[in-house]
Amino acid sequence: MVEKAQSKQQASLPIYVLNGPTLNLLGEREPEIYGRTTLGQISEMVAAQAKSHGFETVFRQTNHEGELIDWIQEARKSASGVILNAAAFTHTSVALYDALKSLDKPLIEVHLSNPAAREPFRHHSYVSRVANGVICGLGAQGYVLAVDALSKIVKG
Ligand code: DQA
């Protein structure tokens, strides 16, 4: 009984939703590409969806590569899994890739736009190499779908 209660507690670690550079400007930034939904609104949508699956969320944004890496390291102990929109770092950061290789938790990569349909420099993703799955091109709704996917993976 005690063992069961403990494993239940393990499963209810929060889902980390981590956002990289310039995503703080969602709603104002190139709305024809990224839509008009703000990051604050996405945070609320994600929290509600996660709650429906029995999870809390930790939702953060940073413009700083090192801070994103610190949060990924924190997630190794403190998260059930991670939803990551690394924004431009997706295409550039070996440091992010190395940190994600040590995450050892389910990882869903999210992009609002579809990078494969955009400039060639967006076609390569360091995150995709280590992600369980990728959701892109569906705007803010992609984050909600990522919560569904991640909670299914975490619950097994
Ligand atoms: C993005 C796509 C990236 O190529 C870009 O650098 C971003 C946002 C997206 O959500 O569509 O900043 O990750």
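Everything quoted here is computed from the prediction, not taken from an experiment. Along the sequence shown, residues are numbered consecutively beginning with 1. Note that ligands are numbered from 1 as they come in the structure, with each ligand's atoms numbered from 1 the same way.
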Minimum-distance protein heavy atom relative to atom 9 (C) of ligand 1: Leu112 N, 3.4 Å
Shortest protein heavy-atom distance from atom 5 (C) of ligand 1, along with the residue and atom involved: Arg122 NH1, 3.2 Å
Supply the atom-to-atom distance Ser113 OG to Glu30 CD, rounded to the nearest 0.5 angstrom. 9.0 Å
In terms of relative ring orientation, are Tyr97 and Tyr126 parallel, tilted or perpendicular, with 30° and 60° separating the classes? tilted
Heavy-atom gap Asn85 to ligand 1 smaller than 4.0 Å: yes
With heavy atoms under 4.0 Å as the rule, classify the contact between Val110 and ligand 1 as side chain, backbone, both or neither. neither
Please work out which of Glu119, Arg29, Glu30 has its closest non-hydrogen atom nearest to atom 12 (O) of ligand 1. Arg29
Nearest neighbour in protein (non-hydrogen) for atom 1 (C) of ligand 1: His111 ND1, 3.7 Å
Nearest neighbour in protein (non-hydrogen) for atom 11 (O) of ligand 1: Ser113 OG, 2.6 Å
Working to the nearest 0.5 Å, report the span between CG of Leu26 and CZ of Arg36. 12.0 Å
CG of Asp70 to CG of Leu18, rounded to nearest 0.5 Å, is 11.5 Å
The reported gap from CG in Asn19 to CZ in Phe89 (rounded to nearest 0.5 angstrom) is 12.0 Å
the protein heavy atom lying closest to atom 3 (C) of ligand 1 turns out to be His91 NE2, 3.5 Å
With rounding to the nearest 0.5 angstrom, report the CG to CD1 distance, Asn85 to Ile108. 13.0 Å
Verdict with supporting geometry, Arg60 and Glu74, salt bridge (Lys or Arg N to Asp or Glu O under 4.0 Å): CA-CA 13 Å; Arg60 297 180 187 157; Glu74 178 187 313; 3.0 Å; yes
Atom indices of ligand 1, in the order listed, that fall short of 4.0 Å to a heavy atom of Ala88: 6 (O), 12 (O)
